[in-house]
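To start, the structure itself, in structure tokens.
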2 protein chains.
Amino acid sequence: MPKATIRDVAARAGVSTATVSRALSGARPVSPEVAELVRRAAADLGYSGNGIASALRRNRTDTVGMVVPSIANPFFTALVESVEHALQDAGQQLFLCSSRSDPALEAQRLRSLVARQVDGIVISPVHGTESTEAVAWAARELPLVQVDRYVTGVDSDWVGVDDDTALRLVVDHLAGRHVRSAAFVSSQLTNSSTELRLAGFQQHTDRAGIAVEDGQVLLGEYSIAWGRTAGERILRSAHRPDAVVCADDLIAFGVLQACHDLGLDVPGDVLVTGFDDIPYAALSAPPLTTIHQPQEQIAAEAVRLLQRALGREAGPPTRIALPPDLVVRQSTGR
Amino acid sequence: MPKATIRDVAARAGVSTATVSRALSGARPVSPEVAELVRRAAADLGYSGNGIASALRRNRTDTVGMVVPSIANPFFTALVESVEHALQDAGQQLFLCSSRSDPALEAQRLRSLVARQVDGIVISPVHGTESTEAVAWAARELPLVQVDRYVTGVDSDWVGVDDDTALRLVVDHLAGRHVRSAAFVSSQLTNSSTELRLAGFQQHTDRAGIAVEDGQVLLGEYSIAWGRTAGERILRSAHRPDAVVCADDLIAFGVLQACHDLGLDVPGDVLVTGFDDIPYAALSAPPLTTIHQPQEQIAAEAVRLLQRALGREAGPPTRIALPPDLVVRQSTGR
DNA sequence: TCGTCAAGAGCAATCGATTACATTCTCGTT
DNA sequence: AACGAGAATGTAATCGATTGCTCTTGACGA
């Protein structure tokens with residue numbers, strides 16, 4: 001038994017397909033009796049419409065594609081969930097893709113989303129330069145909003161957090177804890193926010209008179225494993241710093257593990273800070289002082305920008321840097 | 001400048017649209033010269049095809065919908081990622097929906113997926129009975145595979161873990177640690193695996209001679225907050241048990257927090273176990289003994305079953321219970 | 001009574017790609 | 001030389017819903 005089409009419903013209700021379409025979508029007025037007749041016929045046949053055919057004709061899929069570097073990273077997970085929620089209110093659905101931190105896979109995902117005619121794209125690009133070409137191309141084809149990270153040289157909307165302010169909050173907090181020297185652990189400088197965080201760290205430690213020894217800025221990747229490796233290297237070095245500032249919470253978890261492995265007390269022997277405030281940040285041993293990102297707000301703004309772009313073509317690219325919050329927990333003091 | 005269509009490509013290459021279609025998809029042989037001509041014309045125009053039109057004609061979207069109760073739960077996140085990976089090899093994409101543990105929203109998501117003509121659905125149903133109607137309906141419309149949890153009364157494929165074996169492993173391990181009494185913290189019995197885990201706990205503690213006092217089985221929800229509440233209640237009771245068995249890792253994290261708050265040592269004063277082996281299970285204080293779920297395998301089997309159902313209509317529903325592993329960490333001993 | 005107008009409904013074109021069927025052409029075979 | 005097979009290509013129907021345009025009908029004002 002093949003699926004019922006609008007033609008079947010029309011036949012059963014004794015009206016034309018045009019009337020069925022109008023009765024069910026409410027696009028144009030239909031007399032109440034006919035509307036009821038159509039509704040009943042549709043229900044009887046279990047008619048549920050063909051979104052594909054509708055999308056083809058209307059040239060609109062009511063679907064937004066989202067591409068993130070990793071679904072496993074709780075920060076992106078939270079962001080995805082927030083975006084999905086925000087879209088729901090606009091009657092749109094989310095097409096989720098993971099680029100697995102691979103620019104080639106990312107490009108493929110973007111091509112696929114464009115070919116599938118999504119109405120717009122929300123992306124957190126993998127790489128500051130290697131992602132540029134694909135993102136620029138997609139932005140030419142469709143409304144596109146970058147979130148969290150952005151690639152250089154693409155005129156698209158962007159929503160993220162103010163990384164410089166975030167590092168000022170962290171560094172000033174550490175200075176208030178009488179920290180005299182600090183190390184920084186991050187990922188390779190392959191994307192915008194990683195660069196901004198390092199720049200902020202350097203500028204604000206300098207300003208606050210906190211020493212950063214040579215070799216105490218380690219770049220690897222956003223993972224617990226790297227945090228552990230880097231943490232061991234830093235904490236075993238001749239000049240152990242008073243604090244380790246990490247570019248995300250996963251790295252900070254790894255550093256905390258390294259402290260534990262080496263028998264160092266946090267915050268007694270060394271202070272540790274993270275970035276993102278993922279849900280597990282409150283659960284580590286000790287709970288992590290970190291920067292809270294307003295993901296719901298990031299998501300809401302991103303969706304708003306997308307809707308705006310969908311409406312009319314005009315408008316210069318908008319860049320929104322939202323203010324971060326510092327969440328103080330025990331990794332930087334009692 | 002509107003997007004290029006197959007007609008534009010055909011005109012530029014001086015061939016028919018049929019030839020363009022065949023040249024680009026390789027569905028039927030085309031002479032090498034013409035193929036090259038078409039490829040060049042397509043490249044010149046930046047032609048990227050219209051997946052919607054293609055899907056309408058072929059009656060296939062190469063897209064699979066997935067519905068999970070929560071994107072925030074790392075277990076589901078890992079599962080989603082694994083499914084996405086498995087689908088990639090089959091040339092399909094993932095349409096992700098979160099039901100937010102709400103059967104009504106879940107039903108809406110399913111309707112939406114069916115209307116969008118996905119080729120199949122992978123779902124972890126929210127509720128053992130309240131999800132039944134929507135899942136049964138969707139299963140009638142499309143190939144559908146349930147993962148992890150399942151609803152009763154729907155003849156569909158299912159892939160999950162063997163919950164009974166899992167609890168046998170946990171309980172036997174605790175018995176080996178000379179545990180004489182235990183408590184159990186889980187979510188409300190609203191779905192299959194929750195029920196099976198409780199049943200397994202009761203059966204195996206009984207068999208192993210481990211006492212379970214009245215009021216030491218607490219049912220709430222799968223969250224850290226609930227674990228903390230339940231943990232406090234259990235650990236403050238007159239007969240504090242030797243061990244607390246939790247139905248998932250999030251609950252176990254909450255129980256660990258409660259132990260910490262009450263100044264109890266784990267594993268000195270009480271042993272704690274989890275379920276799922278999410279990535280953070282190794283990072284808690286102390287690291288959590290838990291059941292490892294083979295998500296990659298669950299995902300691979302789910303996708304395989306889906307492909308099979310896509311191929312031919314026949315075949316009775318298959319239920320695959322994969323064997324779990326016990327991962328022993330410090331929450332049950334040094 | 002007639003003309004005007006609007007509401008309600010239908011006809012048929014349309015969206016863009018795929019594909020059944022038809023056509024043309026080239027070989028090879030007898 | 002005639003015929004048939006098969007490769008390459010074209011023509012046009014098709015997928016299912018939407019919508020511009022047209023037609024009918026009834027109400028209302030002049």
Side-chain angles (χ1 to χ4, degrees), chain A residues 1-39 41-42 45-63 111-112 114-119 141-142, chain B residues 1-39 41-42 45-63 91 111-112 114-119 141:
Chain A
M1 165 215 58
K3 283 190 66 166
T5 72
I6 199 172
R7 236 175 288 275
D8 302 324
V9 177
R12 184 172 238 265
V15 299
S16 73
T17 61
T19 301
V20 173
S21 173
R22 298 198 265 249
L24 295 179
S25 74
R28 309 253 245 125
V30 160
S31 74
E33 311 88 56
V34 173
E36 178 53 27
L37 207 60
V38 169
R39 255 193 300 275
L45 294 172
Y47 173 73
S48 58
N50 184 324
I52 294 297
S54 168
L56 175 61
R57 180 61 229 246
R58 293 188 308 136
N59 198 29
R60 211 162 184 284
T61 52
D62 292 327
T63 296
R111 276 196 300 276
S112 168
V114 170
R116 273 159 207 273
Q117 315 286 118
V118 295
D119 293 342
E141 302 278 323
L142 286 176
Chain B
M1 165 216 56
K3 283 189 66 165
T5 72
I6 198 172
R7 235 175 288 275
D8 303 324
V9 177
R12 183 172 240 264
V15 299
S16 73
T17 61
T19 300
V20 173
S21 173
R22 298 198 266 249
L24 295 179
S25 74
R28 307 250 247 133
V30 160
S31 74
E33 310 86 58
V34 174
E36 180 52 28
L37 209 60
V38 169
R39 254 192 301 276
L45 295 172
Y47 173 74
S48 60
N50 184 323
I52 294 296
S54 168
L56 175 61
R57 179 62 229 247
R58 294 188 307 138
N59 199 27
R60 214 162 181 283
T61 52
D62 292 327
T63 295
R111 276 195 300 275
S112 167
V114 169
R116 272 160 208 275
Q117 315 287 114
V118 295
D119 293 342
E141 301 277 323

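A note on names: the letters A, B, ... follow the listed sequences, proteins ahead of strands, and every chain is numbered from 1.
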Apply side chain to side chain contact (heavy atoms under 4.5 Å, CB included) to the pair B/Lys3 and A/Val114, showing each step before the final yes or no. CA-CA 11 Å; B/Lys3 283 189 66 165; A/Val114 170; 3.5 Å; yes
Side chain to side chain contact (heavy atoms under 4.5 Å, CB included), that's the test. Do A/Glu33 and A/Glu36 meet it? Break it down for me. CA-CA 5 Å; A/Glu33 311 88 56; A/Glu36 178 53 27; 5.9 Å; no
Determine, stepwise, if the pair B/Val30 / B/Arg28 fulfils side chain to side chain contact (heavy atoms under 4.5 Å, CB included). CA-CA 7 Å; B/Val30 160; B/Arg28 307 250 247 133; 5.9 Å; no
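Side chain of A/Asn50, nearest nucleotide from D/dT11, D/dA17, D/dT9: D/dA17. With C/dA9, C/dA17, D/dA17 as the choices, the nucleotide that has an atom nearest any side-chain atom of A/Val30 turns out to be C/dA9.
The residue among A/Ala53 and A/Ala18 whose nearest nucleotide of DNA chain D lies closer to the 5′ end is A/Ala53. Nucleotides of DNA chain C nearest to B/Arg28 and B/Tyr47 differ in position, and the one nearer the 5' end is that of B/Tyr47. Comparing B/Asn59 and B/Val20 against DNA chain D, the residue whose closest nucleotide sits nearer the 5' end is B/Val20.
Contact annotation: B/Thr17 side-chain N/O to C/dA17 OP1/OP2 distance is not under 4.0 Å. For C/dA9, the OP1/OP2 oxygens have a side-chain nitrogen or oxygen of A/Ser31 closer than 4.0 Å. For the pair B/Ser16 and D/dT9, the criterion of a side-chain N or O lying under 4.0 Å from OP1 or OP2 is not met. Dashed line: the shortest gap from a side-chain N or O of A/Ser21 to OP1 or OP2 of D/dA17 is not under 4.0 Å. At D/dG10, one or more side-chain N or O atoms of B/Thr19 fall inside 4.0 Å of OP1 or OP2 (strictly under the cut-off).
Atom CG of B/Asp62 is separated from atom C1' of C/dT18 by 14 Å (rounded to the nearest Å). Atom CD in A/Glu36 sits roughly 18 Å away from atom C1' in C/dA9 (whole-Å rounding). As rounded to whole Å, 9 Å separates atom P of D/dA17 from atom CG of B/Leu56. Here the P atom of nucleotide D/dA7 and the CZ atom of B/Arg22 are 13 Å apart, to the nearest Å. Rounded to an integer number of Å, the gap from A/Ile52 CD1 to D/dT18 C1' is 15 Å. Between the CD atom of B/Gln117 and the C1' atom of D/dG16 there is a distance of 9 Å, rounded to whole Å. One interatomic measurement links the two molecules: CZ of B/Arg60 to C1' of C/dT19, which rounds to 16 Å at whole-angstrom precision. Atom P of nucleotide D/dA17 and atom CG of A/Leu24 are separated by 10 Å, given to the nearest angstrom.
The closest side-chain donor-acceptor pair between A/Thr63 and B/Arg116 falls under 3.5 angstrom.
Residue-level contact check: B/Gly51 touches neither bases nor backbone, having no heavy atom under 4.0 Å from any strand.
With B/Thr17 contributing its side chain and B/Ile6 its backbone, the two residues share no donor-acceptor pair below 3.5 Å.
No hydrogens or angles were tested; on distance alone, nothing pairs the side chain of B/Arg57 with the base of D/dG16 as donor and acceptor under 3.5 Å.
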